[in-house]
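These notes are about the structure you will find just below.
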2 protein chains.
Amino acid sequence: MEQITLCPRVEKGIQILSKRWAILVIYRLLSGPQRFCTIEAALPISGRLLSERLKELEQEGIVNRKVYPETPVRIEYSLTEKGRALEPVVREIESWSSAWVLPEEKVEA
Amino acid sequence: MEQITLCPRVEKGIQILSKRWAILVIYRLLSGPQRFCTIEAALPISGRLLSERLKELEQEGIVNRKVYPETPVRIEYSLTEKGRALEPVVREIESWSSAWVLPEEKVEA
DNA sequence: TTTGATACTTACTTTTCGTAACTAAATGTA
DNA sequence: TACATTTAGTTACGAAAAGTAAGTATCAAA
């Protein structure tokens, strides 16, 4: 499996965004800072993986984690400047989706 | 794991694009039709998965498969109109990557 | 002292993915 | 005719990633 790279930055960028749930989490955070439990409730993602993914996005400098030492503890996740810079990407996905994606049909079990 | 959906179409759109290798394959195909072996050589993807992913993208109506019964057989994959409509998404990822993503450092084993 | 809430973490199972070997079809070569 | 060659896969199997569910840490109110 050899690679002939078009552009290594773009390929790395795509890799970051292609990780499962990454774009969906960013999509949520574009509407403002959110707590862990709010993101968890909004997406069909497991807490285990959300925790992992947020940590990765934090390491990439896309997401910011802020602890409020209240009771019970409140932790807010928000987008960094690098994260907010992804807004045009998400907006383009939005308009593509509106134009081309059919809403999922609910399938009964 | 309950969901409160912002927009079901957008979430489905994001899900489609979030599948591993999907955007990278589309990125490649934006520069024109490509054969199976060319895409395989260009990305660190296994043939097994490329085959699977292309089949999925074909079912989503994003990719087109054309068989040339030459010897040996030649099969060209290209983007449909729905697939080409993703170009703005990829262009935005490109500009985000140029602005924010650092090139990967090669790590010696 | 117990309960309750949030934000995780751990243990375990299921699904997805990568590797490598194999198949199918069509031709060229000995 | 038999065998090799090339492309585009498929299959079998082990490894890695992700889902599920239960447990932990922290703090403070009851």
Side-chain angles (χ1 to χ4, degrees), chain A residues 1-4 11-12 14-29 32-60 63-79 104 107 109, chain B residues 1-4 11-12 14-26 28-29 32-60 63-79 107 109:
Chain A
M1 291 202 305
E2 280 310 307
Q3 300 109 276
I4 301 132
E11 301 216 341
K12 197 194 167 192
I14 293 176
Q15 303 262 22
I16 293 168
L17 299 178
S18 288
K19 292 221 91 174
R20 198 182 274 186
W21 306 114
I23 305 180
L24 275 171
V25 168
I26 293 162
Y27 177 46
R28 291 279 158 176
L29 290 180
Q34 311 236 341
R35 310 179 56 167
F36 187 91
C37 61
T38 311
I39 305 173
E40 193 179 14
L43 298 173
I45 185 178
S46 62
R48 185 197 144 289
L49 194 52
L50 178 57
S51 168
E52 197 175 303
R53 206 52 90 234
L54 283 169
K55 224 175 276 177
E56 288 167 11
L57 289 172
E58 203 190 339
Q59 275 167 8
E60 290 289 349
V63 158
N64 210 285
R65 183 178 188 270
K66 188 166 182 191
V67 180
Y68 295 86
E70 305 167 355
T71 290
V73 67
R74 186 160 60 95
I75 293 172
E76 270 193 1
Y77 291 92
S78 57
L79 294 176
E104 197 86 51
V107 181
Chain B
M1 290 202 305
E2 280 309 308
Q3 299 108 278
I4 301 133
E11 299 215 345
K12 197 193 168 195
I14 293 176
Q15 302 262 22
I16 293 168
L17 299 178
S18 288
K19 293 220 91 173
R20 197 182 272 183
W21 306 114
I23 304 181
L24 275 171
V25 168
I26 293 163
R28 290 280 159 175
L29 291 180
Q34 311 237 339
R35 312 180 55 166
F36 187 91
C37 62
T38 311
I39 305 175
E40 194 180 13
L43 299 173
I45 185 177
S46 61
R48 184 197 146 290
L49 194 51
L50 178 57
S51 168
E52 196 175 301
R53 207 50 92 235
L54 284 168
K55 227 175 273 177
E56 289 166 10
L57 289 172
E58 202 189 342
Q59 274 167 7
E60 291 289 348
V63 158
N64 211 284
R65 182 177 187 272
K66 189 165 182 193
V67 181
Y68 296 85
E70 306 168 352
T71 290
V73 65
R74 185 161 59 97
I75 293 173
E76 270 193 0
Y77 291 92
S78 57
L79 293 176
V107 180

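Proteins come first, then strands; the chains are lettered A, B, ... in the order of their sequence lines, and each starts at number 1.
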Practice item. Please determine, for the side chain of A:R35, which listed nucleotide (D:dA8, C:dA7, D:dA18) has the closest atom? Key: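 Output: C:dA7.
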
Heteroatom pairs (N/O) under 3.5 angstrom, protein to nucleotides 9-16 of chain D:
residue	atom	partner	partner atom	Å
D:dG9	OP1	B:R65	NH2	2.5
D:dG9	OP2	B:Y77	OH	2.4
D:dT10	OP1	B:K55	NZ	3.0
D:dT10	OP2	B:S51	OG	2.7
D:dT10	OP2	B:K55	NZ	3.1

Please report, rounded to the nearest Å, how far the [atom2] atom of [N] is from the [atom1] atom of [X].
X     : N      : atom1 : atom2 : result
B:R20 : C:dT15 : CZ    : P     : 17 Å
A:E40 : C:dA5  : CD    : P     : 15 Å
A:R74 : D:dT26 : CZ    : C1'   : 16 Å
A:L49 : C:dT9  : CG    : C1'   : 13 Å
A:Y68 : D:dC27 : OH    : C1'   : 19 Å
B:K66 : D:dA8  : NZ    : P     : 15 Å

Point to revise | Short side-chain to backbone donor-acceptor contact, B:R65 and B:I75, under 3.5 Å | key: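 No, B:R65 side chain to B:I75 backbone: no donor-acceptor pair under 3.5 Å.
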
Point to revise | Results of salt bridge (Lys or Arg N to Asp or Glu O under 4.0 Å) for A:E52 - residues two or more places apart only | key: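 With sequence neighbours excluded, A:E52 shows a salt bridge (Lys or Arg N to Asp or Glu O under 4.0 Å) to A:R48, given in chain and number order.
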
Check your understanding: Can you list the residues that meet the salt bridge (Lys or Arg N to Asp or Glu O under 4.0 Å) rule with B:E58, with sequence neighbours excluded?
Key ->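 Checked B:E58 against salt bridge (Lys or Arg N to Asp or Glu O under 4.0 Å); zero matches.
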
Side-chain contact test, heavy atoms from C-beta onward, threshold under 4.5 Å: evaluate it for [X] versus [Y] and give yes or no.
X     : Y     : result
B:I16 : B:E56 : no
B:L29 : B:I39 : yes
A:W21 : A:L50 : no
B:V63 : B:L79 : yes

Check your understanding: Between the two end axes of the helix from C:dT1-D:dA30 to C:dA30-D:dT1, each built from 5 base pairs, what angle do you get to the nearest 10°?
Key ->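 End-to-end axis angle: 30°.
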
Exercise for review: Report yes if a side-chain nitrogen or oxygen of A:R53 is closer than 4.0 Å to either non-bridging phosphate oxygen (OP1 or OP2) of D:dA17; otherwise report no.
Suggested key: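 Checking A:R53 against D:dA17: no side-chain N or O falls below 4.0 Å of OP1 or OP2.
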
Review point. Are any of B:W21's side-chain N or O atoms less than 4.0 Å away from OP1 or OP2 of C:dG18?
Key: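 Checking C:dG18 against B:W21, a side-chain N or O does come within under 4.0 Å of OP1 or OP2.
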
Practice item. Using heavy atoms to find the nearest nucleotide of DNA chain C for B:E56 and A:C37 separately, return the residue whose nucleotide is more 5′. Key: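 On the 5' side of the pair lies A:C37.
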
Exercise for review: Could you walk me through whether B:E11 and A:L43 pass the side-chain contact (heavy atoms from CB on, under 4.5 Å) test, one step at a time?
Suggested key: CA-CA 10 Å; B:E11 299 215 345; A:L43 298 173; 4.3 Å; yes

Exercise for review: Before accepting this row, confirm whether a basic side-chain N of the pair A:R28/A:E40 lies closer than 4.0 Å to the acidic partner's carboxylate O.
Suggested key: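 So A:R28 does not pair with A:E40 through a salt bridge.
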
Review point. In B/S/- notation, 5' to 3', how is nucleotides 23-30 of chain C contacted by protein heavy atoms closer than 4.0 Å?
Key: ---SS---

**Study point:** side-chain hydrogen bond (donor to acceptor under 3.5 Å, both in side chains) partners of A:E70, counting only residues at least two apart
**Key:**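 Counting only residues at least two positions away or on another chain, A:E70 forms a side-chain hydrogen bond (donor to acceptor under 3.5 Å, both in side chains) with A:R74.
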
**Study point:** Spatial distance of atom CD1 (B:I14) from atom NZ (B:K12) [nearest 0.5 Å]
**Key:**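 The distance works out to 13.5 Å.
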
